[in-house]
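Worksheet: the structure to be examined is printed underneath.
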2 protein chains.
Amino acid sequence: MRERPSRLALYTVDAVLVTAMGSELAILLGRNSSDRERWSLPWRIPQTGETLDAAAATTARDALGELPSWMEQIGAFGDGKRHPSEADVSVAYVGLIPHQTASPRDGHTWFPVANPPLLAPRQRAMVDGATKTLQSSLDQAPIAFRLLPATFTLSELQQMYELLLGKRLHKASFRRALQAAWLVEPMDEWRSEGRGRPAQLFRYLPKKKRRPHRGVRFDFLYP
Amino acid sequence: MRERPSRLALYTVDAVLVTAMGSELAILLGRNSSDRERWSLPWRIPQTGETLDAAAATTARDALGELPSWMEQIGAFGDGKRHPSEADVSVAYVGLIPHQTASPRDGHTWFPVANPPLLAPRQRAMVDGATKTLQSSLDQAPIAFRLLPATFTLSELQQMYELLLGKRLHKASFRRALQAAWLVEPMDEWRSEGRGRPAQLFRYLPKKKRRPHRGVRFDFLYP
DNA sequence: TGACTTTAGTCACACAAAGTGACTAATTCG
DNA sequence: CGAATTAGTCACTTTGTGTGACTAAAGTCA
């Protein structure tokens with residue numbers, strides 16, 4: 001989100017920055033530079049020589065003040081005509097933010113992903129693409145872990161999966177699958193969260209220590 | 001693959017066209033326009049107003065004389081410096097060709113995907129991305145079916161899955177999973193292929209008729 | 001012709017994984 | 001203290017997978 005785009009800007013890099021707010025996912029939007037009443041995803045015209053990944057990282061840092069804990073390209077979007085720049089094509093990235101540590105830069109706010117303000121059609125498509133990408137790589141990449149702080153309880157982890165999948169999971173099945181996948185390591189800490197029995201804290205198991213395992217399947221559904 | 005690119009061409013659309021040749025996958029390459037000794041993926045500079053999908057379709061048709069039976073965007077590639085054009089970024093597509101019906105246009109040839117000639121690094125990455133995309137959407141999209149003719153035997157279908165997955169499958173498991181997924185419909189035709197018992201012909205079951213089913217898992221491995 | 005080979009297609013059983021409800025454990029609240 | 005609340009585990013049932021052996025229908029060749 002920079003100065004007015006030049007006519008030579010044939011493509012942009014746009015970032016869909018996602019975080020978990022309470023019981024829903026949120027994305028970061030900034031005020032549109034040409035029409036301050038409207039909102040748009042953070043975007044940027046890459047410098048010559050700048051890689052796409054680097055441009056996406058810079059876009060995120062400019063809007064947020066910190067780098068996402070995980071980032072991946074979604075794809076190139078070119079069909080919707082309208083974009084804040086006049087670029088024909090925009091390359092979209094999803095990025096994850098671990099539970100608001102950072103406060104967004106001026107003019108930027110978190111919006112519920114299910115209920116965003118009016119966006120340009122192309123950016124609307126990117127947001128949809130982002131949630132689709134997150135869901136489909138949920139068991140290939142540490143999506144849920146990158147949205148949580150470094151240590152977390154298994155209930156928090158389960159709630160994060162439920163949020164990402166949009167459905168309830170059965171506790172026993174969830175933990176059984178988690179064990180089978182060797183994704184998580186118990187720590188010697190417990191956290192008392194007000195009401196019930198204190199929960200043990202876990203952390204994401206660094207890859208080196210992981211035994212070979214089959215891909216996780218969190219297919220199971222609560223009645 | 002057109003005239004020499006102008007300096008304004010900041011991005012291209014490139015196509016990885018895949019077909020099955022005997023017991024391996026093959027991709028279509030054309031002679032590089034600037035250096036006739038080298039090869040490159042078919043590519044194109046989109047017209048203004050042309051969508052990315054349309055540009056990819058046109059690229060395929062120009063190289064092949066027909067449209068792929070299935071096509072999907074892989075993503076945008078911008079890190080490798082070298083590309084036949086001087087574009088900073090190329091948007092790559094995979095396309096499937098159903099068993100050589102078409103003969104490639106002049107200057108184009110099929111190469112084994114496992115053993116291609118020297119390619120520009122960015123295009124090399126696209127080819128890798130294409131096989132990765134095919135494998136990962138193998139149970140979400142009718143990849144195997146779009147590489148086969150409209151009717152096929154179950155043995156042919158299994159061989160196609162084995163080719164795409166790069167591993168052998170067990171016959172009984174394969175057929176059981178296929179049944180559970182309602183992907184295929186028997187026809188009243190049999191085909192005698194020389195030696196043994198004639199095989200029944202099947203066709204891909206159009207979506208309308210399919211009962212709700214869980215995603216197929218062809219995970220199982222031969223001993 | 002009839003045994004043998006080859007490919008298609010199916011079955012049945014053992015084993016592994018997933019769905020599910022009920023149970024125990026450790027806290028806070030009143 | 002007892003009820004309520006959240007964590008964590010168990011055991012049982014149902015479903016899915018891995019696997020080898022079996023039957024079926026053709027061709028080959030003595």
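Mapping Glu156(A) and Gly194(B) onto DNA chain D via the closest heavy atom, the residue that lands nearer the 5' end is Glu156(A). Both Ala172(B) and Ser192(A) lie near DNA chain C, and the one whose nearest nucleotide falls closer to the 5' end is Ala172(B).
For the pair Leu201(A) CG and dA26(C) P, the computed distance is 17 Å after rounding to whole Å. In this structure, Leu178(B) places its CG atom 15 Å from P of dG16(D), rounding to the nearest Å. Look at CG on Asp139(A): it is 12 Å from P on dA18(C), rounded to the nearest Å. In this structure, Phe174(A) atom CZ and dG19(C) atom C1' are separated by 16 Å, rounded to whole Å. dA21(D) atom P lies 13 Å from atom NZ of Lys171(B), rounded to whole Å. If you take NE2 of His170(A) and P of dT13(D), they are 16 Å apart, rounded to a whole angstrom. Atom CZ in Arg191(B) sits about 16 Å away from atom P in dA26(D), given to the nearest Å. With rounding to whole Å, Leu169(B) atom CG is found 17 Å from dG20(D) atom C1'.
Side-chain atoms of Arg31(B) come within 3.5 Å of backbone atoms of Arg36(B) as a donor-acceptor pair (strictly under, hydrogens ignored). Although no hydrogens or angles enter the test, the distance criterion places no donor-acceptor pair under 3.5 Å between the side chain of Glu156(B) and the main chain of Leu148(B). Although no hydrogens or angles enter the test, the distance criterion places no donor-acceptor pair under 3.5 Å between the side chain of Gln179(B) and the main chain of Arg176(B).
Relative to the axis of its first five pairs, the axis of the last five pairs of the helix from dT1(C)-dA30(D) to dG30(C)-dC1(D) sits at 10°, rounded to 10 degrees.
When distances are taken from the side chain of Ser173(A) to each of dT20(C), dA8(C), dT27(C), the shortest belongs to dT20(C). The side chain of Leu154(B) approaches dG9(C) more closely than any other nucleotide in the set dA26(D), dG9(C), dT9(D). Taking every side-chain heavy atom of Arg197(A) into account, dA7(D) is the closest of dA7(D), dT27(C), dT28(D).
Side-chain N/O atoms of Thr153(A) and Arg191(A) include no donor and acceptor closer than 3.5 Å. Using modelled atom types, one finds a donor on one side chain and an acceptor on the other under 3.5 Å when comparing Asp14(B) with Thr12(B).
A side-chain contact (heavy atoms from CB on, under 4.5 Å) with Gln158(A) is found for exactly one of Lys171(A), Arg168(A), His170(A), namely Lys171(A). Considering Phe145(B), Trp182(B), Phe152(B) as possible partners of Tyr204(B), the one that fulfils the ring pair (Phe, Tyr, Trp, His ring centres under 6.0 Å) test is Phe145(B).
Within 4.0 Å of Gln200(A), counting heavy atoms only, lie sugar-phosphate atoms of the nucleic acid but no base atom. Residue Ser155(B) is classed as a sugar-phosphate contact, given heavy-atom separations below 4.0 Å to backbone atoms only.
Taking only distance into account, the side chain of Arg195(A) never meets the base of dT6(D) through a donor-acceptor pair shorter than 3.5 Å. Residue Arg176(B) places no side-chain atom within donor-acceptor reach of the base of dT10(C), judged by atom type and a 3.5 Å distance cut-off alone.
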